[in-house]
Amino acid sequence: MAKRRAKGAASGGSERGGKRGKRSTATTSSTASTAPSAPSAASAASAASAPSAPLVAGSDGTWADVRVYVVPLRIGAVQGRVLRNRVAALGGAVHDFVSPTTNVIVANLDVSELIEWLRQTTWNESNTPQEEPRFHKLDYLVDSLKQQSPISPHDFRLHSDEEYVAQVKMAKYQQYRREHQRRADVSGTRTVALSVAGSDKMVSLEVSDELAKKRRKKARVLASREFFACQGAKATDPKGNNMLVSRQLNELADMYKAEGDQWREYTTRNAARRIAKLPFALKSGAEATKLPKIGKKLGAKIQEILDTGSLRKLENFKADDKVVALELFQSIWGVGAATARKWVHQRGWRTLRDVRDHADSLTTNQAIGLKYYHDIKSRIPRSEVMAIEARVREVATAVVPGVALTVCGSYRRGRLTCGDIDVLFTHPDDKVAVSAVSRVVPALHDAGLLTHDLTSDNRGDSYMGLCRLGPDSLHRRIDLKSFKQSEYGCALLYFSGSEHFCRSVRTWARRQGYSLSERALVRRFSRDTKSDLPIPGLFTEEAVFQALGLKYVPPEERDI
DNA sequence: GCAATATGGAC
DNA sequence: GTCCAT
DNA sequence: TTGC
Ligand SMILES: O=c1ccn([C@H]2C[C@H](O)[C@@H](COP(=O)(O)OP(=O)(O)OP(=O)(O)O)O2)c(=O)[nH]1
Ligand SMILES: [Mg+2]
C-alpha cells in the first residue's frame, strides 16, 4: 500500500547546499563614517516628549525590552543621535553595534539597500542576534516615538511593514546559507561502544582516531549540517504563513505519486515541506525560487497559487478519474504504481469493486490488502500499540529468554496514532539475535496475535504481517526485524524514521564519505583499504550520530 | 546525463 | 530485472 | 523537478 505522506504540516530540509558565495570582509561599526547624506531636518526631533510606546509586536507597551540598532546609513549624525537619545530616555537600550541581544534593527533604506547592507556585513558570533530581530524602516521608529498611545507594528502600515520584514528575512536566510558553506569539522575522534555484561545498556567511549586525524587535512568542502533536515530543529511555522501553498504542493506531490512519477513527487513534496516551515509569508513565486531546489516550474506554480488561490494542474489531476483511480489502487497494500497503471489504463478499472470482481488476478498479498483494506488504512491508537507491544513482549521473552525488543516507527517518535507497529529484536548472543524473529513468529501465531503473513520465508530475520488483539479489534500491520547488538544503533536509527529523517541522515552520511544502512555505517573505499570499511562499535544511536558528526536528535524530534 | 537512502522479498 | 515494501 |  502506498502510504499517503504527511500533510503540509511536516517540516523539511534541503540536503543540497547552495553555491558557494563570496564572503565580504566589510564589517559593521557604529562609528561607520559611511553615512552619506547630510542630516536632513531631523523629523524625529519633533517627536519629543511622548510617553512610552512599544516598538516590538506583542511587547508590554514599554520600551524596556527594546534593544535597538540604527543602521548608520542615510541617517545624519544629528538625526541618529536624537533618535538614540530618545529611545534611551524612554528606557530602551541603544546598541552601537549589532550584538547577540539586539532585537530591533532600524534602517532608513529601501529593501534592496538593506539587503545589500546585510550582505556587506560579516556576521559572526559576536554580532549575530540570537533571536531574529525585527527590521523596521526609519519611519517606524519615528512614529513610535511620536505616538501618545502605544502602537504595535501590526497597527502600523501593516502591509508594507510586514512585506519589508519578510523580504529582509529571506535575504538574511540566504546570507546565512552562504556564510555556512564551510569545511566539515572532522573531529579526529571516534566512538567505541561496549556492551555491559548482564544488561542491555551500553557504554560509549570517545577515543582518538589517528586515521580521522590524518583525514582532517584532506577534508573537502562539504555542506554544513544545519542545512540538513535531520539537524534542522525547525518545526512547521506555527503561524501557518504559507499553508495554502504548502498544502496544495503536497497534494500535487500525491498526484505525481499516483502517476508513479517518483522524482517529481520527491521534489514537490520537499518544496512543500520547506515552504511550510518558513517563518514568513511568501510574497511571490520568484521569491520562492531563491530557496534551494525550488526552480522555475515550482516558482510558477507557487505564483499561481498566490494569485488565484488554486493550481490548475492540481485541479486537473483531481478531476481526472484515471488519476483518482491510480491513487485509490495504490492505497491497497501490495499494489504499486505499475500495477495500478495496468489496471487503470489497460483494464479500465476504476473502483475497488472492479478489483474485487477480478480477485483471481491479485497476488496473495494484494488479496490480503484488499480484504483488510479498511482495517489497514485506519490508524492505530497509541494505547493499542502499547497493548500489542505487551503481548509481543510476553510471548517473545517466553520463547527467547533474554531477548530485547523496541517498538520503533512512528510510535517511538511519540505519535498519538500509528500506521503500523514496527518492532526490533536483539539479543546478547548474535546467533540468538538473528534468529529471534523466526522463533517468535510461530509463537505469536500460536498466541493468536498474528493472523496473516505478508512474508512467506519464515526463516528470515524480517517479518511482515497482520495482527490483532482479539476478535473485536481491527487487523493491524506489524513488522518485526532481528539485528545483532552491534547493528542495533543503525537499526534503531533506520526503523525509527521518519522516512524523511532517515533519508536526510543517509544523504548526510554519503556526503561525508560514508554509507549508512540499517546494519552498518561504512566508510566508502578509502584509498588505503581499497574496500569499504565498516565502522565498529555502533551499538547505540548516540554512537551513530557521533560517528557521523551529527548532534543527537531524540526520536520525538525526528518526526519530520 | 545523472543523482536524488539503502536494502530485501516475491515473482 | 521489475515491482513493492520499509 | 532540480541542480550539477
Ligand atoms: O521508504 C521508506 C519507508 C520507511 N523507512 C524507514 C523509516 C520509517 O520510520 C521506518 C518504518 O516505516 P513505516 O512505513 O512504518 O513508517 P512510520 O514512520 O512508522 O510511520 P507509520 O505511522 O505510517 O507507520 O522505516 C525508510 O527508510 N524508507
Ligand atoms: Mg510504522
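First the proteins, then the strands, lettered A, B, ... as listed; each starts at 1.
A/W333 has its CH2 atom 12 Å from the C1' atom of C/dC3, to the nearest Å. A/F501 has its CZ atom 17 Å from the C1' atom of C/dT6, to the nearest Å. Atom-to-atom, CG of A/L326 to P of C/dC3 comes out at 14 Å; the value is rounded to the nearest Å. Residue A/I332 contributes atom CD1, which lies 12 Å from atom P of C/dC4 at whole-angstrom precision. The CZ-P distance, from A/R524 to B/dA3, rounds to 11 Å in whole Å.
Under the rule for a side chain to side chain contact (heavy atoms under 4.5 Å, CB included), the partners of A/A253 that lie at least two apart in sequence or sit in another chain are A/E265, A/T268, A/R269. When the side chain to side chain contact (heavy atoms under 4.5 Å, CB included) test is applied to A/D479, the partners found at least two apart in sequence or on another chain are A/D420, A/D422, A/M464, A/R477, A/F495. Judged as a salt bridge (Lys or Arg N to Asp or Glu O under 4.0 Å), and not counting sequence neighbours, A/D430 has no contacts. When the side chain to side chain contact (heavy atoms under 4.5 Å, CB included) test is applied to A/S517, the partners found at least two apart in sequence or on another chain are A/R519.
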Discussion item. Strictly under 4.0 angstrom, non-hydrogen atoms only: write out the protein contact profile of nucleotides 5-11 of chain B, one letter per nucleotide from the 5' end, B, S or -.
Written reply: BBS--S-
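For DNA chain C, the residues of residues 338-346 of chain A within the heavy-atom distance limit of 4.0 Å (strictly under) are A/A338, A/T339, sorted by number.
Taking a cutoff of 4.0 Å between a charged side-chain nitrogen and a carboxylate oxygen, A/E541 and A/R558 qualify as a salt bridge. Checked for salt-bridge contact, A/E518 and A/R506 meet the test: a charged N lies under 4.0 Å from a carboxylate O. A salt bridge is defined here as a Lys NZ or Arg NE, NH1 or NH2 lying under 4.0 Å from an Asp or Glu carboxylate O, and A/R476 with A/E384 meets this definition. With respect to A/K318 and A/E251, a salt bridge is recorded, a charged nitrogen being found less than 4.0 Å from a carboxylate O.
Of the P atoms belonging to D/dG3 and B/dT5, the separation is 16 Å, rounded to the nearest Å. Nucleotides C/dT2 and B/dA3 have their P atoms positioned 15 Å apart, rounded to a whole Å.
Nucleic acid contact for A/K296: sugar-phosphate only, since backbone atoms but no base atoms lie under 4.0 Å from a heavy atom of the residue. Counting any heavy atom pair closer than 4.0 Å across all strands shown, A/A271 reaches no nucleic acid atom.
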Discussion item. For a ring pair (Phe, Tyr, Trp, His ring centres under 6.0 Å) check, start with the C-alpha distance between A/H358 and A/W349, then their side-chain angles and the critical distance, and finish with the verdict.
Written reply: CA-CA 10 Å; A/H358 300 82; A/W349 300 355; 4.5 Å; yes
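Checked against D/dT2, D/dT1, C/dC4, the side chain of A/K293 finds its nearest nucleotide in D/dT2.
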